[in-house]
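Index from 1, following the sequence.
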Amino acid sequence: VARRLSLREHPECHSMAGGKAIEHLARTGNRQQHAFRLPMQQYRNCDFSFSGLQNLVNKAIREKEEEEGIQEGKILSCVKDIAAAVQHAVAVHIIQRTYRAMLFCTKHSILPPKNATLVVSGGVASNQYIRKGLQALADANDFAFLCPPPRLCTDNGVMIAWNGIERLRAGLGVLHSTDGIRYEPK
């Protein structure tokens, strides 16, 4: 969404990563100006998907570009409102699906009856809006909430690589030979 909104061109966001730019602009946006239907509401499972939401957002951006008479790559006048609406929709989707997973785990005795913990990490955990929503969810369901400081909530790929470094240093479960392994960088 940040790329489609051309947030690198926005004066407040030119040096920010996409998610950080969305969060920054959303703080002063009005999420009620754009209502995005939540993804996967018809499915009664714990899966996450954002492709349907992305399609809706892209369509709304195209319509706004036409309405404002600007070309793709230019900043919309309503960019903060779109950022706020998208961030809210993503947060609600994550919270709903996480709640469903918590109920499933509780029902099937997967979690201890007391002292259950919700752990949130990765890049999404650096978003304060989403983090606060998940904290409220944990509190309302008597779950402890653990989340690293935002500076440690980086891309999961970086976290996995760091785990590999630590395991290598400790001599644990790291391949000593890469023969037969095929690497395909993007």
Side-chain angles (χ1 to χ4, degrees), residues 1-43 46-102 118-141 145-159 186:
V1 172
R3 188 176 307 118
R4 183 61 183 87
L5 287 171
S6 304
L7 296 186
R8 290 259 182 213
E9 304 300 320
H10 195 284
E12 295 176 33
C13 305
H14 63 86
S15 63
M16 295 180 187
K20 188 73 175 165
I22 293 285
E23 181 179 12
H24 173 77
L25 294 175
R27 285 187 190 117
T28 54
N30 180 353
R31 67 179 171 85
Q32 295 174 336
Q33 292 297 314
H34 301 274
F36 295 115
R37 190 175 67 246
L38 295 176
M40 302 180 67
Q41 292 297 293
Q42 71 274 27
Y43 297 107
C46 304
D47 297 345
F48 295 90
S49 175
F50 299 96
S51 60
L53 178 59
Q54 184 175 352
N55 290 338
L56 290 173
V57 172
N58 286 339
K59 181 180 179 208
I61 292 169
R62 256 191 323 276
E63 288 172 0
K64 281 295 181 185
E65 286 170 343
E66 288 176 19
E67 185 180 306
E68 293 184 13
I70 65 171
Q71 292 181 328
E72 183 176 330
K74 302 296 182 192
I75 304 297
L76 290 168
S77 65
C78 59
V79 69
K80 291 180 179 185
D81 297 339
I82 291 174
V86 168
Q87 177 179 255
H88 180 73
V90 167
V92 171
H93 180 57
I94 290 171
I95 291 163
Q96 284 181 348
R97 294 302 170 152
T98 301
Y99 179 55
R100 186 181 296 275
M102 291 163 69
L118 175 62
V119 178
V120 180
S121 65
V124 72
S126 67
N127 182 294
Q128 294 302 303
Y129 188 82
I130 295 171
R131 186 188 286 236
K132 285 177 186 171
L134 289 169
Q135 174 76 64
L137 174 67
D139 292 346
N141 290 280
F145 182 76
L146 293 177
C147 193
R151 66 182 176 79
L152 298 177
C153 295
T154 60
D155 179 83
N156 287 334
V158 173
M159 293 169 49
K186 288 186 177 179

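Partner H24 forms a side chain to side chain donor-acceptor pair (under 3.5 Å) with one of H10, E12, K80 and no other, that one being E12.
Note: I94 CD1 to F50 CZ = 4.0 Å, rounded to the nearest 0.5 Å. From K74, atom NZ reaches atom CG of L5 across 14.5 Å, with rounding to the nearest 0.5 Å. Annotation: the span from M40 atom CE to S51 atom OG amounts to 8.5 Å, rounded to 0.5 Å. Atom OG1 of T28 and atom CG of D81 lie 8.5 Å apart (nearest 0.5 Å). Rounded to the nearest 0.5 Å, atoms OG1 (T98) and CG (L118) are 6.5 Å apart. For the atom pair H34 NE2 and C78 SG, the distance stands at 4.0 Å (nearest 0.5 Å).
Contact record, E68 with S77: OE2-OG, 2.6 Å, taken as the closest heavy-atom pair. Here the shortest heavy-atom pairing between Y99 and N141 reads CE1-OD1, 3.3 Å. For the pair S126 and E23, the tightest heavy-atom approach, listed with the atom from each and the gap, is O-OE1, 3.8 Å. Of all heavy-atom pairs between A125 and C153, the closest is CB-SG, 3.6 Å. For the residue pair L38 and A89, the shortest heavy atom distance occurs at CD2-O, 3.4 Å. Taking both residues in full, the closest heavy atoms of A84 and A26 are given as CA-CB, 3.5 Å, listed atom of the first, atom of the second, then distance.
Remark: R100 engages R44, C46, R97 in a side chain to side chain contact (heavy atoms under 4.5 Å, CB included) (not counting sequence neighbours).
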| message | Before you tell me yes or no, could you show the steps for H88 and F36 under side-chain contact (heavy atoms from CB on, under 4.5 Å), namely the whole-Å CA-CA distance, both residues' side-chain angles and the distance that decides it to 0.1 Å? | response | CA-CA 9 Å; H88 180 73; F36 295 115; over 6 Å; no

| task | For side-chain contact (heavy atoms from CB on, under 4.5 Å), just list the numbers for L7 and M16, CA-CA rounded to whole Å, side-chain angles, deciding distance to a tenth of an Å, and then say yes or no. | result | CA-CA 9 Å; L7 296 186; M16 295 180 187; over 6 Å; no

| query | After noting the C-alpha distance and the side-chain angles of E65 and R4, does the key distance pass the salt bridge (charged side-chain N to carboxylate O under 4.0 Å, His left out) rule? | reply | CA-CA 11 Å; E65 286 170 343; R4 183 61 183 87; 2.8 Å; yes

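More than 12 heavy atoms of other residues, nucleotides or ligands sit less than 6.0 Å from atom CD of Q41. Summarising the local packing, CZ of F48 is surrounded by more than 12 heavy atoms from other residues, nucleotides or ligands at distances under 6.0 Å.
In this structure the side chain of K20 never reaches within 4.5 angstrom of the side chain of C13, judged on heavy atoms. When side chains are defined from C-beta on, C147 does not count as touching V119, because their heavy atoms never get closer than 4.5 Å. Within the 4.5 Å cutoff, no side-chain heavy atoms of R131 are placed close to those of V120.
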